[in-house]
Trainee: 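The structure is given below, and queries will be raised subsequently.
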Amino acid sequence: MPDEQVYFKKIQKSVESITHYYDFKRIDTPILEDAEVFSKGTGITTDIVQKEMYTFRTKGGDLVALRPEFTPGIARSYIENGMYNLPQPVKVWTMGPLFRHERPQAGRYRQFFQFDIEALGDKSASIDGQIIQMSYDILKDLGFKNISIEVNSIGDSECKPYFKKILTTYFRSRKSTLCSDCQRRLKENPLRILDCKEEKCQRVKAGAPQIIDHLCENCHAHFKQVLEFLDELELPYTLNPYLVRGLDYYTKTVFEIVEKTENGTTQGSLVGGGRYDNLVKILGGRDVPACGAAGGVDRIVNLMKTREMKPDKKEVKTEIFLAQLGQLAKRKSLKLFEEFRAAKIPVAESFSKDSLRTQLNTANKMGIKWVLIFGQKEALEDFITLRDMDTGVQKEIKLNKVVEEMEQKINKK
Ligand code: HAM
């Protein structure tokens, strides 16, 4: 909506300035991709692919999908454009609309916006740290105060399968107490039971084994380094052993950033991300470790509005109104507008209203001090009448001096 645009703009500006600082380059991937990019990439067992993806067959018979997230499209682009040959890591960011057929509710939409940052081609823990820090910085820059980072490690292809087995054994003996979704997850991806929000599953999972106790040496060392990095940066994080994230490609570090209130957290995560060392390979590329994160722009906007966090309106206040009367004046004022625009001076007008009184009323309602009256006589003789709305005093200015004089009047204040 028009009044929300300033928030979107503000978020984009924060993302742009932080990504620019850390040398992330903008990338834009197609909104419509081969469905396989996501069914393989996001993962066949995920809710996104199983229930939420908008997939359809084109007249030519291709199976395509509206992108439900950015990460697989970016990994696909990395492979297709041979980005292995660039200096690594390849650091990119993007922002745009995504589509998931979810049950609409506060902060959950079927078309929503994300900003997304990805670093491909580096396995070091400092990259995880940097991605977390940048995500946190963006929210801080927007004015969020009570935000917290939840972090966990879910292991890699060496320790994750082993932990899945332990977890399956634990949950299988308690299968009847799980919700129907989790009974299905038990077969497909038992890790997902850990982040189920259903009341009955919460109780069962409280006694479940924790992955942190079952990480292989490599994952353990990596996670330790990530936490040391966060300590060094003095970022407020908590270890959440139940955080597994709902996408199949994650390995090692996963994290989410949430807003904390007295009653716990609000409306789900603002940012979510993690490491995905196998995704590029899964999509047919080489072995390219990577890490990234995405923030829910609509959710952030909602929260900024609820918390009355005003996006700073650096836009210049409009102080001039141009009232036009008659065809000739309207035609000539087009050029005048262009001159004001070039001088970066905002000028309001009401093209559709013809009577001078209506136009002056409009200017009054907008709290405007200076009205430029451009009528039939003025247009013929190339001058303009300036009216001070506070005093009612009027004077004439030559048309070719109007911009210059108004510039002085505005700057004088
Ligand atoms: P995700 O957790 O699915 O991760 O989404 C990231 C963020 O997008 C969420 O934290 C939330 O703020 C927002 N979001 C998700 N679904 C909706 C929705 N239906 N309506 C409004 N906001 C929503 C990803 O998408 C991964 N690609 C993140 C990532 C990047 N991991 C590595 N790199």
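Both ligands and their constituent atoms are indexed starting at 1 by order of listing.
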Trainee: For ligand 1, which part of Leu98 has a heavy atom less than 4.0 Å away: the side chain, the backbone, both, or neither?
Mentor: neither
Trainee: What is the nearest protein non-hydrogen atom to atom 20 (N) of ligand 1, stated with its residue, atom name and distance?
Mentor: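 Looking only at protein heavy atoms, the one closest to atom 20 (N) of ligand 1 is Tyr109 N, 2.9 Å.
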Trainee: In Å and rounded to the nearest 0.5 Å, what is the CD1 to NZ distance from Ile211 to Lys160?
Mentor: 7.5 Å
Trainee: Hey, does Val92 have a side-chain heavy atom less than 4.5 Å from the side chain of Thr94?
Mentor: no
Trainee: Using a 4.0 Å cut-off to any heavy atom of Glu118, which atoms of ligand 1 qualify?
Mentor: 30 (C), 32 (C), 33 (N)
Trainee: Taking NZ, NE, NH1 and NH2 as the nitrogens, is one of them in Arg185 or Asp47 under 4.0 Å from a carboxylate oxygen of the other?
Mentor: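 A salt bridge is present here (some side-chain N lies under 4.0 Å from a carboxylate O).
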Trainee: Please list, in number order, the atoms of ligand 1 under 4.0 Å from a heavy atom of Arg299.
Mentor: 11 (C), 12 (O), 22 (N), 23 (C)
Trainee: For ligand 1, note which part of Glu256 has a heavy atom under 4.0 Å away: side chain, backbone, both or neither.
Mentor: neither
Trainee: Salt bridge or not for Glu338 and Lys335, using N-O below 4.0 Å?
Mentor: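 Not counted as a salt bridge, because no side-chain N and carboxylate O are separated by less than 4.0 Å.
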Trainee: With a 4.0 Å heavy-atom cut-off (strictly under), which part of Ala293 contacts ligand 1: side chain, backbone, both or neither?
Mentor: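 Within the 4.0 Å criterion, Ala293 contacts ligand 1 through backbone atoms alone.
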Trainee: Find out whether Pro209 and Phe163 are in side-chain contact, i.e. whether some heavy atom of one side chain is under 4.5 Å from a heavy atom of the other.
Mentor: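 In contact.
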Trainee: Does NZ or CZ of Lys91 lie under 6.0 Å from the centre of the six-membered ring of Tyr22, at an angle within 45° of the ring axis?
Mentor: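 No; the conditions do not both hold, so Lys91 does not lie above the ring face of Tyr22.
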Trainee: Could you label the plane-to-plane angle of the Phe8 and Phe113 rings as parallel, tilted or perpendicular, counting under 30° as parallel and over 60° as perpendicular?
Mentor: perpendicular
Trainee: Please could you name the atoms of ligand 1 that Leu270 approaches to less than 4.0 Å, counting only its heavy atoms?
Mentor: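 The list of qualifying atoms is 10 (O), 12 (O).
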Trainee: Looking at side-chain heavy atoms only, is the closest gap between Phe115 and Gln12 below 4.5 Å?
Mentor: no
Trainee: Where on Arg108 is there a heavy atom closer than 4.0 Å to ligand 1, on the side chain, on the backbone, on both, or on neither?
Mentor: both
Trainee: Check this for me - ligand 1, Tyr276, N or O atoms closer than 3.5 angstrom, yes or no?
Mentor: no
Trainee: Do the side chains of Asp156 and His222 get nearer than 4.5 Å, heavy atoms only?
Mentor: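 Not touching, per the 4.5 Å side-chain cut-off.
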Trainee: Taking 4.0 angstrom as the limit, do Lys51 and Asp181 come out as a salt bridge?
Mentor: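 Salt bridge: yes.
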Trainee: Identify, for atom 2 (O) of ligand 1, the protein heavy atom at the shortest distance, and state residue, atom and that distance.
Mentor: Arg245 NH1, 2.8 Å
Trainee: Among all protein heavy atoms, pick the one closest to atom 10 (O) of ligand 1 and tell me residue, atom and distance.
Mentor: Ser269 OG, 2.8 Å
Trainee: Side chains of Leu178 and Glu198: closer than 4.5 Å at any heavy-atom pair?
Mentor: no
Trainee: Less than 4.5 Å apart, side chain to side chain, heavy atoms only: is that true for Val49 and Asp248?
Mentor: no
Trainee: Looking only at protein heavy atoms, which one is nearest to atom 13 (C) of ligand 1, and how far off is it?
Mentor: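 For atom 13 (C) of ligand 1, the nearest protein heavy atom is Gly296 CA, 3.5 Å.
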Trainee: Heavy-atom pairs closer than 4.0 Å: do any link ligand 1 to the side chain of Phe113, the backbone, both, or neither?
Mentor: neither
Trainee: How far is atom 21 (C) of ligand 1 from its nearest protein heavy atom, and which residue and atom name does that atom have?
Mentor: Gly107 O, 3.3 Å
Trainee: Please state which protein non-hydrogen atom is closest to atom 27 (N) of ligand 1 and give its distance, to 0.1 Å?
Mentor: Glu69 OE1, 2.5 Å
Trainee: Can you sort out which atoms of ligand 1 are near Gly273, meaning under 4.0 Å from one of its heavy atoms?
Mentor: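 Heavy-atom distances to Gly273 below 4.0 Å select 31 (N).
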Trainee: Can you name the atoms of ligand 1, numbered from 1 with element, that are less than 4.0 Å from a heavy atom of Asp116?
Mentor: 30 (C)
Trainee: Starting from atom 15 (C) of ligand 1, which protein heavy atom do you reach first, and at what distance in Å?
Mentor: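 The closest heavy atom on the protein side is Arg100 NH1, 3.5 Å.
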Trainee: Nearest protein heavy atom to atom 6 (C) of ligand 1, by residue and atom, and its distance?
Mentor: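 Among all protein heavy atoms, the one nearest atom 6 (C) of ligand 1 is Gln114 NE2, 3.2 Å.
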Trainee: If you measure from atom 22 (N) of ligand 1 to every heavy atom of Tyr250, Phe112, Phe99, which option wins on shortest distance?
Mentor: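 It is Phe112 whose heavy atom sits nearest to atom 22 (N) of ligand 1.
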